[in-house]
Number of protein chains: 2
Amino acid sequence: MTNQETIVAAKKVFTNYLEKHGHRRTNERFSVLEEIYLLNDHFDVESLFVHMKSKSYRISRATLYNTIELLLECDLITRHQFGKNLALFERSYAYKQHDHLICQDCEHIFEFCDPRIQQIQSMMGDILRFDVAAHALHLFGHCRELKDKGVCKHHKG
Amino acid sequence: MTNQETIVAAKKVFTNYLEKHGHRRTNERFSVLEEIYLLNDHFDVESLFVHMKSKSYRISRATLYNTIELLLECDLITRHQFGKNLALFERSYAYKQHDHLICQDCEHIFEFCDPRIQQIQSMMGDILRFDVAAHALHLFGHCRELKDKGVCKHHKG
DNA sequence: GTTTGTGCAAATTTTTTGCATTACA
DNA sequence: TGTAATGCAAAAAATTTGCACAAAC
């Protein structure tokens, strides 16, 4: 599936969701979805706002927050809180479940996947009689040779 | 080790840290440490502020933020970000490493421990050539019978 | 006696809300 | 055309900063 195909499919999901819940299908909402899926990276609301403004969209922060809320509800995006007081988001349609490794030197975010997390999740749900709906595993640390290769550009020390 | 003994030990750690780093040992700093260790639960800065004010401490938010920064640096407390724009903290001296299960209905936080997380952590560190310093695994969901028993008091639906 | 740390209030940063206007249905 | 959604700006919430005074060292 190409990125354009993914965007078309995601828009279909969004259309369905909006219809089902009696929300209007505004241009702004689809523009936000499209730009998020074109970004193809983690983003915060302010940077998305600046990004869309730079592409001459007429959009407000209020609409971004509003639309992001809707996109979260229909699972087209995911929200992350990586230990800072700033929420980060990322597209999640047709993107496999994954967790994050956050470099505390260069702020780069790496993704990984491990089936054992699902096992822990369902086991803990059973033991504690809890319906686990989602999980988030964050590994914080420092990239080793990645910073030598120039990936970790903003290394502190 | 009783709680009082833990507090005494934690204060010793803090004293050491402050001396070593040329910071002054002020009454405020030790009061904050003590109140946090007496709380014995997750807390945010504002609630700690209100709590200490109610105990007639003369303390400011600025000092709380400042002291919390120091306590984080010497690992006497841990910071959590459970998907909200509000940092939660908890005492961490003489308290075993654990992860969190967050009920999205009643906001209760349960703790658990699973050795497989350490395995994932070191394996991913090796694969991605990353020095993992810490991890955070959050399981989000809804408590089942706990809410029937009245533990989950603020259940939404 | 210096100088760091404190309280207070003002400033920042991130997110939410109120309201007049726009545009979807 | 009626009403939900928008843009804008102001408010709220969480955290940080500046400055005069207090208290460690």
Side-chain angles (χ1 to χ4, degrees), chain A residues 11 14-36 42-74 77 79-89 107, chain B residues 11 14-36 42-74 77 79-89 107:
Chain A
K11 282 188 179 174
F14 199 26
T15 301
N16 254 301
Y17 170 82
L18 293 173
E19 260 175 8
K20 198 169 180 179
H21 291 76
H23 296 307
R24 292 181 179 172
R25 278 153 283 153
T26 68
N27 287 327
E28 286 82 356
R29 287 176 176 169
F30 288 103
S31 300
V32 171
L33 174 59
E34 182 162 330
E35 289 304 320
I36 288 174
H42 299 79
F43 64 92
D44 62 72
V45 177
E46 189 62 21
S47 68
L48 179 60
F49 178 71
V50 170
H51 174 74
M52 290 188 72
K53 279 295 188 184
S54 79
K55 289 181 95 171
S56 326
Y57 279 100
R58 188 165 181 277
I59 191 99
S60 69
R61 270 171 267 256
T63 300
L64 286 186
Y65 280 102
N66 168 2
T67 306
I68 281 173
E69 199 59 41
L70 296 171
L71 292 172
L72 282 170
E73 267 171 56
C74 54
I77 61 173
R79 184 194 151 117
H80 301 294
Q81 202 65 57
F82 290 133
K84 294 191 296 187
N85 306 305
L86 177 68
L88 290 187
F89 302 86
E107 310 271 284
Chain B
K11 282 189 180 176
F14 199 26
T15 301
N16 255 300
Y17 170 83
L18 293 173
E19 260 175 9
K20 199 168 178 178
H21 291 76
H23 297 307
R24 292 181 180 173
R25 277 153 284 156
T26 68
N27 287 327
E28 286 83 356
R29 288 177 175 167
F30 288 102
S31 300
V32 172
L33 174 60
E34 182 162 329
E35 288 305 319
I36 288 174
H42 299 79
F43 65 92
D44 62 71
V45 177
E46 188 62 22
S47 68
L48 179 61
F49 178 71
V50 170
H51 174 74
M52 289 188 73
K53 279 295 188 185
S54 81
K55 290 181 94 171
S56 325
Y57 280 100
R58 189 166 182 277
I59 191 102
S60 70
R61 272 171 265 257
T63 299
L64 287 185
Y65 280 103
N66 169 1
T67 306
I68 282 173
E69 199 60 42
L70 296 172
L71 292 172
L72 283 170
E73 267 172 55
C74 53
I77 60 172
R79 185 195 150 117
H80 301 293
Q81 203 62 58
F82 291 133
K84 294 191 294 187
N85 305 306
L86 177 67
L88 290 186
F89 302 86
E107 309 271 284

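Residue numbers start from 1 in every chain, and the chains themselves are labelled A, B, ... in the order their sequence lines are given, proteins ahead of strands.
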Under 3.5 Å, N/O pairs linking protein and nucleotides 19-24 of chain C:
{"from": "dC24(C)", "atom 1": "O2", "to": "Arg24(A)", "atom 2": "NH1", "distance (Å)": "3.3"}

List in chain and number order the residues that pass side chain to side chain donor-acceptor pair (under 3.5 Å) with [X], two or more places apart in sequence or in another chain; answer none if no residue qualifies.
{"X": "Ser60(B)", "value": "Thr63(B)"}
{"X": "Glu69(A)", "value": "none"}
{"X": "Thr67(A)", "value": "none"}
{"X": "Asn85(A)", "value": "Arg79(B)"}

Counting only heavy atoms from other residues, nucleotides and ligands, does the tally under 6.0 Å from NZ of Lys55(B) exceed 12? yes
In sequence, state the C-alpha distance, the side-chain angles, and the governing distance for Tyr17(B) and Leu71(B), and then conclude on side-chain contact (heavy atoms from CB on, under 4.5 Å). CA-CA 9 Å; Tyr17(B) 170 83; Leu71(B) 292 172; over 6 Å; no
By the salt bridge (charged side-chain N to carboxylate O under 4.0 Å, His left out) test, which pairs, at least two apart or in different chains, include something from residues 24-33 of chain B? Glu19(B)-Arg25(B)
Residue Lys53(B), side-chain heavy atoms: nucleotide from dT15(C), dC8(C), dG5(C) that is nearest: dC8(C)
Residues touching DNA chain D, which here means a heavy atom under 4.0 Å, drawn from residues 60-67 of chain A: Ser60(A), Ala62(A), Thr63(A), Asn66(A)
Would you grab the first and last nucleotide of DNA chain D (5' to 3') that comes under 4.0 Å of any non-hydrogen atom in chain A? dG2(D) to dT15(D)
Could I get the full list of side-chain contact (heavy atoms from CB on, under 4.5 Å) partners for Arg58(A), not counting sequence neighbours? none
ring-ring contact (aromatic ring centres under 6.0 Å, His included) against Tyr65(A), all qualifying residues, sequence neighbours excluded: none
Per-helix bend value, the helix from dG1(C)-dC25(D) to dA25(C)-dT1(D), C1' rotation axes over five pairs per end, 10° rounding, shows 30°
Output the rounded distance in Å from CZ (Phe49(B)) to C1' (dG7(C)). 9 Å
Which donor-acceptor pairs under 3.5 Å do the side chains of residues 46-53 of chain B make with protein atoms, sequence neighbours left out?
{"from": "Glu46(B)", "atom 1": "OE1", "to": "Arg61(B)", "atom 2": "NH1", "distance (Å)": "2.7"}
{"from": "Glu46(B)", "atom 1": "OE2", "to": "Arg61(B)", "atom 2": "NH1", "distance (Å)": "2.7"}
{"from": "Ser47(B)", "atom 1": "OG", "to": "Asp44(B)", "atom 2": "N", "distance (Å)": "3.3"}
{"from": "Ser47(B)", "atom 1": "OG", "to": "Asp44(B)", "atom 2": "O", "distance (Å)": "3.0"}
{"from": "His51(B)", "atom 1": "NE2", "to": "Glu35(B)", "atom 2": "OE1", "distance (Å)": "3.1"}
{"from": "Lys53(B)", "atom 1": "NZ", "to": "Ile59(B)", "atom 2": "O", "distance (Å)": "3.3"}

